[in-house]
Peer 1: 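Let me begin by handing over the structure; questions about it come next.
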Amino acid sequence: MQHHQNTQHNQPNERPQDPRFKTAHKEAWIGVALAVFNFVWWYGFAYGLGSKPVDEYTYILGLPAWFFWSCVVGFVLMSVITVVLAKFVLTDMPLDDDPAFRPYPAPPASPSPGSPSNPPANPSPGSPSNPPTNPSPGSTHDTNPSSQKGPNS
Amino acid sequence: MNIGVLIPLIIFLVAIFAIGFIASKQMSGSTGFLQEYFLGGRELGGFVLAMTMVATYGSASSFLGGPGTAYTVGFGWALLAMTQVVTGYFVLLVLGKKFAILSRRYDAVTMIDFLKARYNSPAVAILSAAAIIIFLFSAMTAQWVGGGRLIESLTGLSYTSALFIFAVSVLVYVTIGGFRAVALTDAVQGAIMVIGTLILLIGVIIAGGGVPAIMQDLLNENPNLVTPFGADRSLTPAYVSSFWILVGVGVVGLPQMVVRTMSYKSSRAMHRALAIGTIVTGFIMLNMHLIGVFARPVMPGIDVGDKVIPLVALEVLPPWLAGIVLAAPMAAIMSTVDSLLLLVSSAIVKDVYLSYVKPQATEKQVKTISFGVTGVLGIIVFLLALQPPDLLIFLNLFAFGGLEAAFIWPIVLGLYWKYGNKTGALASMVTGIGSYIAIHFYNQAYGDLLGVHTVTVPVVLSLIAYIIGSLATRREPFRF
């Protein structure tokens, strides 16, 4: 505790918020919206079609229609949506700490004994403190085919 | 038992062993031992990240308990299981890049490191560490029991020797290889789960004479089996929907998932992982629970739910193929156990020992302590699992729900709500765990409160506690 910064409040010179957070906040909301959509789809078909008397059930590929639409199609749909998200919607950005947007001069966590000293003030020499949402000319966001090809596993 | 079944299983164990061993050799000193051992140096790519999340999350209950219940209850339980598709994308999207950036900024290796930096409170850190150690310890023990039972039923060995084989194979690679070994073996284990479920589903459908024939058999036996309401119509929409919290969005509060969202190397790895994770989770859950449902007409009269999958695999597949398929639940159990073991170890080493016992430990001491704690923990779990508690799925869900209720808001709101503070976090954790335990016993005695799963009310209460606790004390914005 004593090695933590206690003076986080009333810092005289306010630094700007890390611009990457704006994108991150947007993407977190996408996650929430997707889950709500997923739930509505799942619930609507399951109990909309499944509440009928069993005699009136119809079957698709042998499965009860309510299950087919709710769980099989629902799953395929979510898979397609996440692939589209990953390829075209979500923004590529560096994740390294950018000292320009730190609220304090030094990171608040104490250096752990197992790791070498704190990250250097400027993590990679090639990336000065320009707004990091646009890391490199080739990889802004969306629809840029060159930014989607690189295998990165 | 059958030699044909054993050979693929032995090959599987040896392969996992080898991968773990190779991974341990890869440990470089570049990022420091703790980052390397407990976080794989933050170098996971998209595929391995997706697989380690799916495999860590998919456990004995997805492969044995869940399909066993689907066998008894019918399509209603398969519907319930599909709530888990959401975990594939939700955890990565919601914690997302902000968490990845902040965990780098704070040099966080464990979830508790993040909480510590965010709330600047030893009480939060100690309470979190205690919750993780207690709850995940019980979850881990349940999984080991599952692993031991599975080997016992497949090989005919005594439970003790089966558990011993299981314990040794997991312990060795986790202890020497750390997170990287866990993630890499998880990737292989995840692939085995995908292949195994597909083979078994096809085998069951063929044995049952095609899906329409199976459906006819189910209708003849009990039409309720093909409804969303369960064999005795006891599955209400409210109860099934409440699993969206327990095994769906609530998973975002599980430490074993949270730690994975700080382990990837780039935003592109995260994008890939959320697509792959969604597809793989959905595929495995759909297949496994359909197998459970379809197995009913193929092999009627199985009493113990956990035995449905092993018995069906041995019934409908040739022995060598059954061996490959049965490596899948084994893989599921191992991949969950290895992650939990390492997580509990990190809570002890990083969050207790290094924070409060010996902050000035040298790198060499940290190494010795890390290996030592991981190894000793494994041995304790082994000894506990020798006298196994009975209800596997029960213990597992108890630990899940309790941790979710404790951590979901301190993590999520801590990340996105700048007015959240340590009073709120403490109130939320205490309320979450306390009300979970209270409501658990209430539900056991009087039936489910409000007709929903135990986890629902505590998650709501802990949200209220977080907000009230934060607003009641100093309202100063936190600067990330």
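Source: prediction; values computed, not measured. Naming: A, B, ... by sequence-line order, numbering from 1 per chain. Every heavy atom of this structure was used, including side-chain atoms; hydrogens, water molecules and symmetry mates were not.
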Peer 1: What's the spacing between B:M215 CE and A:F67 CZ if we round to 0.5 Å?
Peer 2: 9.0 Å

Peer 1: Kindly check if the number of other-residue, nucleotide or ligand heavy atoms within 6.0 Å of CH2 (A:W69) is above 12?
Peer 2: no

Peer 1: Sort B:V226 into side chain, backbone, both or neither according to what part of it lies under 4.5 angstrom from a heavy atom of chain A.
Peer 2: both

Peer 1: For B:F229, which atoms come within 4.5 Å of any heavy atom of chain A: side chain, backbone, both, or neither?
Peer 2: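 The side chain, not the backbone.
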
Peer 1: Name the option with the most non-hydrogen atom pairs under 4.5 Å to chain A; the candidates are B:S103, B:P228, B:G88.
Peer 2: B:P228

Peer 1: Would you mind checking which part of B:L92 comes under 4.5 Å of any heavy atom in chain A, side chain (CB onward), backbone (N, CA, C, O), both or neither?
Peer 2: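 Neither part.
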
Peer 1: Against chain A, work out which of B:P237, B:A100, B:P212, B:G282 has the most heavy-atom pairs shorter than 4.5 Å and name it.
Peer 2: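 Highest number of pairs under 4.5 Å: B:P237.
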
Peer 1: By the definition side-chain hydrogen bond (donor to acceptor under 3.5 Å, both in side chains), identify the one residue from B:K97, B:K98, B:H271 that meets it with A:E27.
Peer 2: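 Result: among B:K97, B:K98, B:H271, B:K97 is the only option passing the side-chain hydrogen bond (donor to acceptor under 3.5 Å, both in side chains) with A:E27.
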
Peer 1: So which heavy atom on A:F75 is nearest to which on B:I279, and how close?
Peer 2: CZ-O, 3.3 Å

Peer 1: Select one option (side chain, backbone, both, neither) describing which atoms of B:A78 are under 4.5 Å from chain A's heavy atoms.
Peer 2: both

Peer 1: What heavy-atom pair brings A:C71 and B:L286 nearest, and what distance separates the two atoms?
Peer 2: CB-CD1, 4.5 Å

Peer 1: If I measure from the heavy atoms of chain A, does B:V240 come under 4.5 Å with its side chain, its backbone, both, or neither?
Peer 2: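 Answer is both: backbone and side chain atoms of B:V240 are under 4.5 Å from chain A.
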
Peer 1: Could you tell me which non-hydrogen atom of A:F21 sits nearest to which non-hydrogen atom of B:I101, and how far apart they are?
Peer 2: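 Taking every non-hydrogen atom into account, CE2-CG2, 4.0 Å.
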
Peer 1: Relative to chain B, which segment of A:L63 carries a heavy atom at a distance below 4.5 Å: side chain, backbone, both, or neither?
Peer 2: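 Answer is both: backbone and side chain atoms of A:L63 are under 4.5 Å from chain B.
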
Peer 1: Can you tell me which portion of B:F38 sits under 4.5 Å from chain A's heavy atoms? Options are side chain, backbone, both or neither.
Peer 2: neither

Peer 1: Which distance, rounded to the nearest 0.5 Å, do you find between the CG of B:L219 and the CG of A:D55?
Peer 2: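 CG of A:D55 is found 9.0 Å from CG of B:L219.
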
Peer 1: Of all heavy-atom pairs between B:A275 and A:A86, which one has the smallest distance, and what is that distance?
Peer 2: CB-CB, 4.3 Å

Peer 1: CE/A:M93 to CZ/B:R268 distance, rounded to the nearest 0.5 angstrom?
Peer 2: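 Here the rounded value is 13.0 Å.
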
Peer 1: Between A:Y59 and B:V211, is a side chain to side chain contact (heavy atoms under 4.5 Å, CB included) present by the stated rule, with each step listed?
Peer 2: CA-CA 10 Å; A:Y59 296 86; B:V211 181; over 6 Å; no

Peer 1: Salt bridge check: are A:D97 and B:R104 linked by an N-O gap of less than 4.0 Å?
Peer 2: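 Salt bridge: no.
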
Peer 1: If I measure from the heavy atoms of chain B, does A:V32 come under 4.5 Å with its side chain, its backbone, both, or neither?
Peer 2: both

Peer 1: Contact part of A:F39 toward chain B, heavy-atom cut-off under 4.5 Å: side chain, backbone, both or neither?
Peer 2: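 Contact with chain B involves both backbone and side-chain atoms of A:F39.
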
Peer 1: Only pairs of heavy atoms separated by less than 4.5 Å count here; which of A:V83, A:L34, A:V54, A:L85 has the most with chain B?
Peer 2: A:L34

Peer 1: Specify which of B:P223, B:A125, B:G96 makes the most heavy-atom pairs with chain A at under 4.5 Å.
Peer 2: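 Looking at each of B:P223, B:A125, B:G96 in turn, B:P223 comes out on top.
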
Peer 1: Considering only heavy atoms, which portion of B:L95 lies under 4.5 Å from any heavy atom of chain A: side chain, backbone, both, or neither?
Peer 2: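 No part of B:L95 comes within 4.5 Å of chain A.
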
Peer 1: Nearest 0.5 Å, what's the CG-CZ distance between A:L95 and B:R42?
Peer 2: 10.0 Å

Peer 1: If you take all heavy atoms of B:F75 and A:P64, which pair is closest and at what distance?
Peer 2: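 Where B:F75 meets A:P64 most closely, the heavy atoms are CZ-CD, 3.8 Å.
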
Peer 1: Minimum heavy-atom separation for B:Y416 and A:A28, please, with both atom names.
Peer 2: OH-CB, 3.4 Å

Peer 1: Hey, which of B:L274, B:L415, B:V412 has the most heavy atom pairs under 4.5 Å with chain A?
Peer 2: B:L274

Peer 1: Report which part of B:L290 has an atom under 4.5 Å of a heavy atom belonging to chain A: side chain, backbone, both, or neither.
Peer 2: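 Only the side chain of B:L290 comes within 4.5 Å of chain A.
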
Peer 1: Please list, chain by chain and in numerical order, all residues satisfying side chain to side chain donor-acceptor pair (under 3.5 Å) with B:N224, sequence neighbours excluded.
Peer 2: B:R233

Peer 1: Would you say that B:L93 contacts A:L90 through its side chain, given a criterion of any heavy-atom pair below 4.5 Å between the two side chains?
Peer 2: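 Touching, per the 4.5 Å side-chain cut-off.
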
Peer 1: Tell me which pairs pass side-chain hydrogen bond (donor to acceptor under 3.5 Å, both in side chains) where either residue lies in residues 31-52 of chain A, with sequence neighbours left out.
Peer 2: A:N38-B:Y89

